[in-house]
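Note on naming: letters A, B, ... go to the chains in the order of the sequence lines (proteins, then strands), and numbering restarts at 1 for each one.
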Amino acid sequence: MNATAERVGFFTDTSVCIGCKACEVACKEWNLVPEDGLVWTGDSYDNTSELGANTWRHVAFVEQRAPLRLDGDVATLDAEPMRWLMESDVCKHCTHAGCLDVCPTGALFRTEFGTVVVQEDVCNGCGYCVPACPFGVLDKRHLPRKPDDMPLQLPLLGKNEDGRVWKCTLCYDRLKGGHEPACAQACPTKSIQFGELDELRERADKRLEKLQAEQWNGARLYGRDEDDGVGGFGAFFLLLDEPEVYGLPPDPVVPTKHLPRLWASTALASAAVFAGVALAFLGGRE
Amino acid sequence: MTGTPSGKRSVTELGSQMRSYYGRPIVKEPVWQPEIPFYLWTGGIGGASSVLHGVARLTGNHELAKRTLLIGAAADAVSPLLLISDLGRPERFLNMFRVFKVTSPMSVGSWILGVSGTASATAAALELLGLRGPMKWLAEAVSFVTGPPLATYTGALFANTAIPVWSEARDELPWLFGASASASAGAAALIATPAESAAPARRAAIGGSLAALGLAELMERKLGVVGEVYKQGDAGRYGKIAKAATAAGAALIATRGKRSRAAAALGGTLVLAGELALRWSVFRAGFQSAADPKYTVITQKERSRA
Amino acid sequence: MGSNMAENHPVGFQWVMEARERGAKVIHVDPRFTRTSAMATQWTGIRAGSDIAFLGGIVHYILEHDRWFHDYVVNYTNAPVIVRDDFRDTEDLDGFFSGWNRDEQAYDPETWQYEGMDMHAAAGGREKGFTAKSGHAAGEGGGGSALPHGEPPDEDPTLEHPRCVFQILKRHFARYTPEFVAKACGCSVEEFVAVADALCDSSGRERTSAIVYSVGWTQHTVGVQYIRTAAIVQLLLGNMGRPGGGILALRGHASIQGSTDIPTLYDILPGYLTMPHVGAYDDLAHYVDANTSRAGWWGNFGSYAVSLLKAYWGEHATKDNDFCFDYLPRIDQDNSIYKCVFDMFDGSVKGFFVVGENPAVGSSHAKLHRLAMAKLDWLVVRDLVDIESSSFWLDGPEIETGELETKQIATEVFFLPAASHVEKDGSFTNTQRLLQWHFKAVDPKDDCRSELWFYFHLGRLIRQKLADAKDERDRPILELTWDYPVAGDIEEPSADAVLAEINGWNAKHEPLSSYKELENDGSTACGCWIYCGVRAEGVNQAARKKPRWEQEHHTALEWAWAWPANRRIIYNRASADPDGKPWSERKRYVWWDEAEEKWTGIDVPDFDEEKRPDYVPPDDAKGPAAIAGNHPFIMQADGRGWLYAPHGLVDGPLPAHFEPDESPFRNPLYGQRANPARQQFDRPENPTNPAGSPAYPFVVTTYRLTEHHTAGGMSRSVPHLAELQPAMFVEVHPELAELRQLEHGGWATIVTTRAAIEARVLVTDRMKPRMVDGRRIHQVGLPYHWGSKGLTTGDAANDLSGLALDPNVHIQEVKAFTCDVRPGRRPRGADLPAFVERVRREAEGGDE
Ligand SMILES: Nc1nc2c(c(=O)[nH]1)N[C@H]1C(S)=C(S)[C@@H](COP(=O)(O)OP(=O)(O)OC[C@H]3O[C@@H](n4cnc5c(=O)[nH]c(N)nc54)[C@H](O)[C@@H]3O)O[C@H]1N2
Ligand SMILES: Nc1nc2c(c(=O)[nH]1)N[C@H]1C(S)=C(S)[C@@H](COP(=O)(O)OP(=O)(O)OC[C@H]3O[C@@H](n4cnc5c(=O)[nH]c(N)nc54)[C@H](O)[C@@H]3O)O[C@H]1N2
Ligand code: SF4
Ligand code: SF4
Ligand code: SF4
Ligand code: SF4
Ligand code: SF4
Ligand SMILES: [Mo]
């Protein structure tokens with residue numbers, strides 16, 4: 001990674017997210033991301049559903065019969081406590097990024113800010129990064145996208161569609177211009193905090209302490225730990241429930257972690273093919 | 001009926017008990033198109049054929065060598081077409097050769113396919129023109145050594161993803177694909193080659209088939225919970241066909257393939273079909289295991305518990 | 001309360017979140033659990049339409065437990081003032097105050113007066129020959145203008161006199177116990193007490209609390225009285241005119257505050273000056289005299305009025321012709337919008353401008369609006385996009401049902417594309433009375449034009465046509481000052497020039513810097529007295545953008561400009577005690593500097609700078625001089641905060657709990673069920689669900705979503721917003737879903753006696769049913785953003801609601817009415833009205 005700049009990222013603090021979706025809209029406006037289908041889901045107030053080629057910020061909504069805090073202050077008043085979790089998800093800009101590792105064209109690269117970005121003029125739509133991302137962030141763009149589009153309904157050879165993958169660039173262009181990312185700037189409550197990663201981690205630790213002191217129900221950091229399966233996230237979170245409740249993997253691991261062993265066994269397998277075939281020739285032609 | 005589709009009485013009750021985000025996938029399903037399983041198959045045939053051809057040459061079985069060379073070259077010629085079609089924009093295929101990345105089995109594989117393909121093509125061309133010489137010898141040699149990796153790298157490619165049913169099978173996939181490749185290459189050669197020169201092909205087909213059957217079984221067992229996708233949906237259906245066809249084909253070849261050319265041809269066809277079905281089974285299994293978040297969650301929770 | 005701030009004022013809500021992070025208690029009282037509730041430290045659910053019971057309960061709690069701020073209440077409010085002995089309370093008359101006139105169905109406020117005072121008109125007040133029923137309410141209150149000087153004739157500082165306001169208050173709210181609140185609002189006693197306690201605990205000398213409301217309060221037939229109750233609470237707790245206190249009305253459209261200051265309303269002139277009525281005034285002198293209060297800042301009414309006339313008619317306005325007072329239009333009846341709709345329907349109004357609104361979706365009883373517009377001769381719609389109001393004749397719901405037929409509609413519709421706020425210069429006046437200037441970012445496309453362009457050139461053309469007209473009646477138009485400089489090839493008038501006129505100038509045409517400079521002799525001109533100073537020294541003060549962190553105080557007085565006189569908190573003299581010292585160091589804001597002999601602080605003092613705290617007005621004092629040094633509420637003739645409003649309101653001097661016009665319940669307090677003075681339209685086109693009717697058993701409330709804006713013209717047409725809430729839906733509790741067999745994600749039909757609409761079903765615990773009066777009552781939640789045009793379309797919630805209005809401000813009751821819910825989609829075509837009719841017949845048999 002180029003050392004010209006400090007590694008930057010996001011600390012997304014869901015305990016102050018008001019679910020206004022300004023981040024989603026600001027992202028689309030700035031990055032000219034197209035509309036992603038007019039589907040009403042009934043999943044609380046979330047009609048975006050997931051990250052993808054046409055959604056780089058996604059605000060999750062989860063209604064629960066549980067108190068926001070366990071300090072009894074209010075919880076005791078309400079016979080049936082209720083809380084409404086909101087979380088703005090985004091590309092994690094992993095330290096060890098599966099997408100980047102597997103990209104055969106070099107379209108995905110690590111910027112001087114330590115972020116992971118797709119170069120749309122290089123991406124050839126091979127689609128390898130899509131299943132290689134442990135968070136399901138990337139997707140191919142199909143234009144115009146229809147709600148019922150299935151991956152296998154892609155047009156075949158020659159059809160003039162986009163076909164490339166798209167994802168959060170951490171507003172590479174804005175960073176170069178010395179501005180903060182559009183989503184962070186739009187966030188009214190500073191739920192999305194942008195900055196130098198080390199500093200953000202300190203901030204997050206303090207925040208967690210405070211919330212735990214106030215007995216917030218289920219407060220935890222996610223992706224802050226530098227020796228997790230992806231070497232820590234460049235964009236990490238403070239959550240109020242298990243990651244999977246927000247649609248996040250509980251213990252993500254970069255696929256390439258096993259690559260050495262995988263290559264080794266592939267080499268052996270190749271040898272085996274070789275040997276097997278050779279064996280087939282023992283015992284003559286008939 | 002009231003409440004949410006999930007049978008919960010309200011979206012709030014649902015949210016309180018959710019162990020995934022409204023049952024949505026955590027990892028994305030692959031975006032690969034039907035070309036890919038076909039490519040796995042042709043690539044396998046191409047790779048393993050190069051090996052058959054090489055050994056045949058060395059052992060002086062020129063009948064077999066010729067046939068396998070042409071088969072291999074043909075397979076290697078179709079393969080890139082399939083990949084290009086998958087991309088949706090042909091010109092983009094060239095970007096594959098911008099860089100060489102060991103961390104990307106697809107990058108490595110593209111180069112292998114490129115080299116191996118060119119080699120087999122050259123060799124085949126010279127063969128048809130009846131030209132001999134160092135040039136052809138070199139081409140054959142190159143195609144010979146790049147054959148095995150071409151037959152197996154696709155296993156690594158699949159295993160090197162976040163798709164539970166693939167990544168958890170990282171120890172078996174390259175072997176499975178290698179075996180499958182040998183079986184189909186053998187079967188193809190068997191069909192094309194007169195009986196008197198076809199014995200090695202016959203053995204390769206049988207041996208490859210048995211190995212593939214065994215490895216598939218082993219993989220499904222080791223996968224545990226995630227392995228159940230091989231019993232369900234498309235993956236299950238293709239899996240059954242694969243097992244049945246492969247076994248039948250291998251048996252037929254073993255019993256009657258020696259004497260009856262027809263039987264050999266039929267058996268070969270069955271094996272080829274079986275191996276194609278196997279690739280489809282593995283391919284679809286990947287989609288299925290991605291579509292249901294529970295597989296991602298379970299494998300990761302077990303891992304972190306371990 | 002009555003505001004969903006996180007969803008509807010998300011940017012402002014960042015400060016609430018910051019306060020929460022700093023330990024402030026955030027309490028949300030709302031029928032629904034919203035995104036605001038999710039952020040609050042406490043959410044208390046209540047039944048829609050029961051807030052006066054809740055707030056009245058707090059008043060009771062404060063008085064009962066002696067939690068009121070003694071020094072503040074005694075000195076700064078009218079608690080000690082004695083009221084006439086013929087005043088009767090709702091407690092005495094079972095839901096009526098004295099002065100109710102059955103035939104007129106309106107109050108005569110005579111008996112509500114202070115002891116020893118006769119009723120006297122005041123600025124914005126009522127005039128003879130113009131009854132409350134005809135809907136005209138007091139604007140800003142130059143109340144008690146008959147006071148000889150600032151002091152009411154009779155008061156009792158010990159607050160013990162049985163007829164003093166304080167004792168009246170005690171008696172009036174005596175029955176608003178926590179148990180009553182629980183019974184009427186459907187919350188638990190504990191929840192209520194926790195709220196009341198929290199409010200009291202964080203009020204007083206050292207701490208202050210703010211109450212935030214919005215249209216969850218105003219859209220009721222007792223909307224104004226909701227806010228009055230909050231005012232009583234805040235005055236008793238000493239939270240007015242102090243930092244961190246107050247009652248914050250979070251307003252709507254970006255400059256809706258501006259459109260009341262310089263009104264788009266029919267019954268007031270800029271700066272809340274009274275619009276004269278037919279026969280009410282013979283001449284300027286009478287008009288001024290009638291509206292001048294002898295004490296307080298309404299004492300200078302004459303200067304404000306004359307300066308306005310000078311701004312309108314310039315050199316034509318002279319002393320001899322009463323400064324063209326006769327040119328002012330006169331009101332002859334209630335011309336508020338909903339009344340106008342009926343006039344359109346009846347054919348007496350033939351033309352209609354729809355500018356920056358979309359009544360075919362946004363106005364209550366939208367169906368009536370569409371039917372009425374179909375009877376017009378002509379209709380002008382200026383909007384950014386083609387909206388339901390401009391296309392009702394082509395694809396409106398009535399076309400589908402066959403109630404209207406395009407061929408039969410004679411209305412000539414003109415659609416004129418409008419320039420948006422980024423395509424023009426101008427100012428927004430926000431909730432905090434802050435004028436913020438915005439500069440044009442891009443030129444308007446094609447034929448899109450600003451409002452300024454449209455009205456300026458419209459006026460220009462009309463004046464051209466009249467150029468050689470001799471007719472008397474044309475002079476008001478011909479003599480108007482209509483000479484704004486234009487620029488560019490589209491000849492856009494200069495917004496700055498308009499601001500200069502609003503700010504005003506003296507005889508030498510020099511810009512004025514304060515309304516104190518205004519004269520009544522015609523030497524000054526000013527388009528809106530409260531805005532005077534916005535362009536002091538000829539500099540656009542509203543365009544100042546110096547960030548807070550570059551300024552001395554957090555009040556950031558150099559960011560934009562607030563009316564009046566750049567004051568950020570009005571009545572801020574109340575932030576100091578009667579002697580002029582801050583109530584507390586923590587909360588110091590404005591105080592008397594003995595050394596300098598003047599008021600000072602971190603805001604512009606809202607008081608005569610040199611008036612000593614111990615100043616006692618001489619008997620002959622007039623205007624501001626008649627206000628004592630320890631009376632902060634200088635717009636009131638008595639300088640006090642009004643716990644009790646002797647006049648200014650047409651439905652009573654004190655708030656009392658009344659049921660909504662449509663409600664499943666009897667009034668738990670009085671025989672009189674709903675506000676007797678509420679404005680009703682008893683006509684066949686405006687049927688109402690019989691109260692308590694089993695056919696419409698559920699309470700329905702309507703509201704907004706962050707993702708959309710009001711009637712949707714600005715959001716349903718924008719892909720990036722439309723995709724976020726892509727369908728009209730209805731929020732219901734699982735029990736109700738069970739009861740009515742509604743399927744989550746499926747469809748439901750919501751029906752009232754007026755219409756039936758369909759919506760997707762969202763089954764959620766957030767719509768908790770309430771135990772009211774021993775009955776479990778369900779509430780149905782409907783966003784009102786959808787209509788038949790745009791990227792996402794759906795039925796309009798406003799087809800369901802009817803027209804019953806607050807009598808003071810004519811706002812429709814769309815926050816609490818009744819309905820039924822049925823599974824599945826609504827009938828199509830002609831079957832729809834038939835279905836509604838069928839349900840209506842079933843409804844026979846409700847009480848009252
Ligand atoms: N995103 C967005 N922001 C907006 C707007 C928009 O359309 N979209 N509109 C703007 C405009 S024009 C306005 S006026 C403001 C309005 O701002 P708000 O007043 O916040 O808007 P509403 O959602 O209509 O109503 C607020 C709340 O009142 C509650 N409510 C209903 N009945 C009652 C009741 O009887 N008592 C109490 N206590 N609460 C009740 C509703 O449940 C709702 O949560 O928002 C402005 N801001
Ligand atoms: N049931 C129910 N009904 C309600 C409410 C409720 O809470 N419930 N709320 C009420 C409230 S508070 C309000 S404010 C109303 C709002 O209702 P409306 O004002 O009728 O609806 P809007 O969509 O705000 O209309 C504003 C229109 O102005 C256009 N516009 C924007 N900028 C400009 C401009 O510069 N010039 C011109 N000419 N046009 C422009 C927009 O495109 C939009 O179509 O709805 C009221 N109705
Ligand atoms: S989250 Fe996925 S897309 Fe983003 S960097 Fe990590 S692996 Fe790549
Ligand atoms: S799709 Fe594009 S970015 Fe993704 S791996 Fe292929 S080339 Fe790289
Ligand atoms: S950083 Fe930029 S690209 Fe990424 S989500 Fe935010 S706005 Fe979108
Ligand atoms: S902008 Fe901020 S508060 Fe609004 S949804 Fe996004 S993260 Fe949450
Ligand atoms: S839309 Fe404008 S006014 Fe409304 S909250 Fe956002 S910034 Fe404020
Ligand atoms: Mo509004």
Side-chain angles (χ1 to χ4, degrees), chain A residues 42-44 49-50 60 62-66 98 101-106 122 124-128 130-134 136 138-140 151-152 154-157 159 161 163 244-247 249-251 255-256 258-259 262-263 265-266 269-270 272-274 276-278 280-281 284-286, chain B residues 11-12 15-16 18-22 24-33 48 51-52 55 59 61 85 87-89 92 95-96 98-99 103-104 106-107 110 148-149 151-153 156 159-163 167 170-171 174-175 178 182 196-197 199-200 203-204 207 296-297 300-301 303-304:
Chain A
D43 300 341
S44 191
S49 297
E50 59 184 15
V62 181
E63 301 177 20
Q64 291 185 334
R65 294 172 179 171
D101 287 350
V102 304
C103 175
T105 65
V122 177
N124 73 351
C126 77
Y128 198 4
V130 174
C133 168
L138 288 139
D139 203 354
K140 265 192 172 192
L152 284 179
L154 286 178
L156 295 178
L157 182 58
K159 280 273 179 53
E161 75 139 16
E244 56 267 32
V245 173
Y246 297 92
D251 179 22
T256 41
H258 312 284
L259 200 54
L262 187 52
W263 275 139
S265 92
T266 311
S270 309
V273 170
F274 195 78
V277 173
F281 282 80
R285 301 183 171 198
E286 294 195 34
Chain B
V11 70
T12 319
S16 319
M18 251 172 7
R19 280 294 144 251
S20 77
Y21 190 66
Y22 302 98
R24 294 187 182 282
I26 291 178
V27 294
K28 286 261 184 309
E29 289 184 5
V31 290
W32 290 318
Q33 306 163 48
V51 191
L52 271 171
V55 186
T59 55
N61 184 342
S85 158
L87 296 184
R89 294 253 187 103
R92 289 182 181 160
N95 295 19
M96 287 292 185
R98 281 183 75 250
V99 291
T103 58
S104 172
M106 188 180 281
S107 171
S110 305
T152 52
Y153 91 89
N160 190 43
T161 62
I163 306 292
S167 58
R170 67 184 74 89
D171 291 340
W175 295 79
S182 317
E196 62 275 14
S197 322
R203 297 194 199 95
T296 310
V297 174
Q300 297 190 3
K301 292 236 158 168
R303 186 197 307 130
S304 38

- Message: Tell me if a side-chain donor or acceptor on B/Asn95 pairs with a main-chain N or O of A/Val122 at a distance below 3.5 Å.
- Response: yes
- Message: I'd like to check the side-chain hydrogen bond (donor to acceptor under 3.5 Å, both in side chains) partners of B/Ser182; sequence neighbours left out, ordered by chain and number.
- Response: none
- Does a donor on one side chain and an acceptor on the other come within less than 3.5 Å for B/Thr12 and A/Arg65? no
- Item | Interatomic spacing from OG1 in B/Thr161 to OH in A/Tyr128 - rounded to 0.5 Å | 6.5 Å
- A/Val62, A/Thr256, A/Thr266: which one forms the most heavy-atom pairs within less than 4.5 Å of chain B? A/Thr266
- Message: Which heavy atom of A/Pro104 sits nearest to which heavy atom of B/Val99, and what is that distance?
- Response: O-CG2, 3.1 Å
- Got B/Arg19 and A/Val245 here, is their nearest side-chain heavy-atom distance under 4.5 Å? yes
- Task: Could you grab the distance from atom CZ of B/Arg170 to atom NE2 of A/His258, nearest 0.5 Å is fine?
- Result: 3.5 Å
- Note on the structure: For B/Trp32 and A/Cys126, the nearest pair of non-hydrogen atoms, with its separation, is NE1-O, 2.7 Å
- Query: Heavy-atom distance under 4.5 Å between the side chains of B/Lys301 and A/Glu244, does that happen here?
  - Reply: yes
- Query: With a 4.5 Å heavy-atom cut-off, do B/Asn160 and A/Leu259 have their side chains touching?
  - Reply: yes
- A/Ala280 and B/Ala204: which non-hydrogen atoms are nearest, and at how many Å? CB-N, 3.8 Å
- Task: Mind listing the closest non-hydrogen atom pair of A/Trp263 and B/Ala156 along with its distance?
- Result: CZ3-CB, 4.1 Å
- Message: Quick check: closest heavy atoms across B/Trp175 and A/Ala272, and the distance to 0.1 Å?
- Response: CZ3-CB, 3.6 Å
- Query: A/Tyr246 and B/Tyr21: which non-hydrogen atoms are nearest, and at how many Å?
  - Reply: C-CB, 3.8 Å
- For A/Ser270, which residues count as a side-chain hydrogen bond (donor to acceptor under 3.5 Å, both in side chains) partner, sequence neighbours excluded? B/Thr152
- Can you check side chain to side chain contact (heavy atoms under 4.5 Å, CB included) on A/Ser44 and B/Tyr22, steps first, answer last? CA-CA 10 Å; A/Ser44 191; B/Tyr22 302 98; 3.5 Å; yes
- Note on the structure: Of the listed B/Ser110, B/Ser167, B/Pro149, B/Gly207, the one with the largest count of heavy-atom pairs under 4.5 Å with chain A is B/Pro149
- Query: Atom CG of B/Asp171 and atom CG of A/Leu262: how far apart are they, to the nearest 0.5 Å?
  - Reply: 8.5 Å
- Query: So, B/Arg303 and A/Asp251, do they make that salt bridge, N to O below 4.0 Å?
  - Reply: yes
- Under 4.5 Å from a heavy atom of chain B, the part of A/Ala60 involved: both
- If you tally heavy-atom pairs under 4.5 Å between each of B/Ala151, B/Gly15, B/Ser104 and chain A, the highest tally belongs to B/Ser104
- Message: Do A/Leu138 and B/Lys28 make a side-chain contact, defined as non-hydrogen atoms from C-beta onward lying under 4.5 Å apart?
- Response: no
- Note on the structure: Of the listed A/Pro250, A/Gly125, A/Gly127, A/Gly98, the one with the largest count of heavy-atom pairs under 4.5 Å with chain B is A/Pro250
- Item | Side-chain heavy-atom pair B/Val11, A/Asp43 within 4.5 angstrom cut-off | no
- Query: Can you tell which of A/Ala132, A/Pro131, A/Ala278 has the highest number of heavy-atom pairs within less than 4.5 Å of chain B?
  - Reply: A/Pro131
- So, the side chain of B/Ser16 versus the backbone of A/Gln64: is there a donor-acceptor pair under 3.5 Å, distance only? no
- Query: Less than 4.5 Å apart, any side-chain heavy atom of A/Phe274 and any of B/Val51?
  - Reply: yes
